Student: 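Submitted below is the structure of interest, expressed as C-alpha cells.
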Protein chains: 2
Amino acid sequence: MATRTRNTDDALSAERIVGTAIEMLDEAGEGGLTFRALAARLRTGAGAIYWHVANKDELLSAATAQVLAGAIAAEVAEHAPEEAIRALARGVFDAIDEHPWAGTQLSRVPVQPVMLRIFERLGRQIQALGVPAADQFTWASALLNYILGVAGQNAALARAVAPGTNRPEFLGAIASEWAGLDAAEFPFIRSVAGQLPAHDDRDQFLAGIDLILAGIAAARGQ
Amino acid sequence: MATRTRNTDDALSAERIVGTAIEMLDEAGEGGLTFRALAARLRTGAGAIYWHVANKDELLSAATAQVLAGAIAAEVAEHAPEEAIRALARGVFDAIDEHPWAGTQLSRVPVQPVMLRIFERLGRQIQALGVPAADQFTWASALLNYILGVAGQNAALARAVAPGTNRPEFLGAIASEWAGLDAAEFPFIRSVAGQLPAHDDRDQFLAGIDLILAGIAAARGQ
DNA sequence: TCCCTCTCTGGAACGTTGTTCCAAACTAGC
DNA sequence: GCTAGTTTGGAACAACGTTCCAGAGAGGGA
C-alpha cells in the first residue's frame, strides 16, 4: 500500500486554497464558502488553512484578484483611449458577471491592489484623452465608482435570485410589482417596468460608460 | 414601590427598535449592532425584538429607509431638472456620509422600497429633460448605479479607517503608499497621489453627477 | 370578580460561523 | 538518527442570528 507521504500534489498551498475557494464560491455563492466546508473539500482541517491564509478577508481578496486578473491583463495599447476604457470596463463587468461574489467583495472593501490596477488603467486613458490634470483624478474616480456600483448591484441581484428560480422569471416578477405600483406616486417606474425583463445588463452597463465618456468629451470641448 | 406596569414609554415598538438601532450604528459602526447589544440597551431580551422585527436584514432596511427619508422628502419641484437631480443626489450623499452603514446596506441589497423612490425621482427628472423613452431607463440606472457605487465606497472607507485614527491621517498614509509605488507601473496613481488627502469627497461625487448630466445633454443634443 | 384568550416579553438554548490553540506528524540539515 | 523547524488537523472558544417557550400583562365576556 502507498505510504502516506506529503507529495507536491496534495500539499496545501495558498494557490490551491484560493483555487478551491473560487470553485466553491462559483458553485454555491457567497454563503457557500466556509472554512469548514473548504477544509473538508481540501481534506484537511480549518487550522491548516490558517497557516497559508491570514483570514477570510484575505482569502476573498485573493479570490477576487485572481478572477479579475484577466480583465487587467488584456492588452489595450492599440486602441483609442475611449475604446480602451470600454474594453477595460467590459472585462471587469464580464468577470463579475461570471463571479457575482467578486462584485460584493469589490464594493465592500476600499480600493485594494486589484482595483488600484484598474484605476491606474482608467486614469492613464483619461490622461490620453487630454483631460486637464486637475480633473483626471475626479473623472477617473467617477468611472471607477460607476463600475463598482454596477458590480455591487449585480452581486446583490445574484444573491436575491432564489436558487430555484431563474433570472428572467425573477425579473418578470419584479416587473409585475412595478407595473402594479400606485400610478400617481410611481409614474416613471411604471413606465419602464416593461423594459426590465428583457433588458441586457451588459448593454446597459456599457451605455452608462458611454454616457460618462460623452460627458468627458463635452466638458473637454468647452 | 411602583407597580411594574407596561406603560407607553418603555413599551417596545418597531419605531423604538429601529431608532435605537440607528443610534448604535452611528456610535459603533456596522459591527456595533447585534441583537444582544440592542436588547441590552432596550432593557429586554433578544426574543422580544423578534416579535416586532422579522430579522436583521429587515431591521437594517428600516434603519436605512429612515435615514434616507429626508433626502426623498425634500421638495424639488421648483428647480430645473438638472438642479433637481443634483439636489437629490446631494441629499443621498449627505445621508450616507453621516451614516456610512447605510451605504453598505444600499450597495449590498437589490433595489428596495427606499431606493425605488429615489429611482422614481431620478427617472422623472430624466423624463423632464426630454430624454427619449428608450433611453430613460438606461440613463436613470446609470445615475443610480453611480450613486450606489459612491455609497458603497464611502462605507468601505469609513469601515477601513481605524477607530483611533482620523480621516486626513488615514488618507495621508494611503497617499504616501501611492506616491511610493513603482514609477513604471503606476504613473497615473503616483501623479494623483498628492490630490488624495485634500480632496473633498462630496465635491468629487457631485462632479461625477455633473459628468453624467453633461453626457446626457450631449447625447440629447445630437 | 373570575377566567380565558390573545398579545407581548425575556432569557435560555441551538446551530453555525471565524478564529485560535496545540499536540502530533512530517521534513530537512548536521 | 537526532534535532530544529515547518506544516497539519481536530478540538475548543467566543460571538453571532435566530428559535423556542414558559409566563407576565391586558382586555372582554360570564
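To find a chain, count down the sequence lines: A is the first, B the second, and so on, and within it residues start at 1. Note that the structure is a prediction, hence the values are computed from the model and not measured.
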Student: Rounded to whole Å, how long is the line connecting atom CG of A:L42 with atom P of D:dT7?
Tutor: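 Checked: the CG to P distance equals 16 Å.
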Student: Could you state the CZ-C1' distance from B:R16 to C:dC8, rounded to the nearest angstrom?
Tutor: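 After rounding, the gap between these two atoms is 13 Å.
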Student: Please identify each residue that fulfils ring-ring contact (aromatic ring centres under 6.0 Å, His included) with A:H52, with sequence neighbours left out.
Tutor: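 ring-ring contact (aromatic ring centres under 6.0 Å, His included) list for A:H52, sorted by chain: empty.
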Student: Mind checking what makes ring-ring contact (aromatic ring centres under 6.0 Å, His included) contact with A:Y50, not counting sequence neighbours?
Tutor: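 Scan of A:Y50 (ring-ring contact (aromatic ring centres under 6.0 Å, His included), adjacent residues dropped) gives A:F35.
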Student: For A:L33 and C:dT19, what is the distance between atoms CG and P respectively, to the nearest whole Å?
Tutor: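 Spelled out: CG on A:L33 to P on C:dT19 is 11 Å.
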Student: How many Å lie between CG on B:L12 and P on D:dG25, as a whole number?
Tutor: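 About 16 Å, once rounded to whole Å.
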Student: When you get a sec, tell me which of C:dG10, C:dT17, D:dT18 is the closest nucleotide to the side chain of A:K56?
Tutor: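 When the side chain of A:K56 is considered, C:dT17 is the closest of C:dG10, C:dT17, D:dT18.
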Student: Listed by chain and number, what are the ring-ring contact (aromatic ring centres under 6.0 Å, His included) partners of A:W139, not counting sequence neighbours?
Tutor: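 Applying ring-ring contact (aromatic ring centres under 6.0 Å, His included) to A:W139 gives none.
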Student: Rounded to the nearest Å, what distance is computed from the CG atom of residue B:L38 to the P atom of nucleotide C:dG10?
Tutor: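 Nearest whole value for this atom pair: 13 Å.
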Student: Whole-Å distance between D:dT7 P and A:I17 CD1?
Tutor: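 Rounded to the whole Å, the gap is 12 Å.
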Student: My understanding is that only residues two or more places apart in sequence, or in another chain, count here; which of them pass side chain to side chain donor-acceptor pair (under 3.5 Å) with B:E30?
Tutor: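 Per chain and number, B:E30 pairs via side chain to side chain donor-acceptor pair (under 3.5 Å) with B:T104, B:R159.
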Student: Do B:R167 and B:L157 make a side-chain contact, defined as non-hydrogen atoms from C-beta onward lying under 4.5 Å apart?
Tutor: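 They are in side-chain contact.
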Student: I'd like a table of donor-acceptor pairs (distance under 3.5 Å, sequence neighbours excluded) in which one partner is a side-chain atom from residues 146-155 of chain A, with atom names and distances.
Tutor:
residue: A:Y146; atom: OH; partner: A:F205; partner atom: O; Å: 2.9
residue: A:N154; atom: ND2; partner: A:D97; partner atom: OD1; Å: 3.3

Student: Contact list please: residues 45-54 of chain A against DNA chain D, heavy atoms, distance less than 4.0 Å, in numerical order.
Tutor: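 Nucleic-acid contacts, sorted: A:G45, A:G47, A:A48, A:W51, A:H52.
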Student: Measure from CD on A:E58 to P on C:dT19 and round the result to the nearest Å.
Tutor: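 The distance from CD of A:E58 to P of C:dT19 comes to 10 Å, rounded to the nearest Å.
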Student: Starting the side chain at C-beta, find the nucleotide from D:dG17, C:dT19, C:dT17 nearest to B:R36.
Tutor: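 Shortest atom-to-atom distance from the side chain points to D:dG17.
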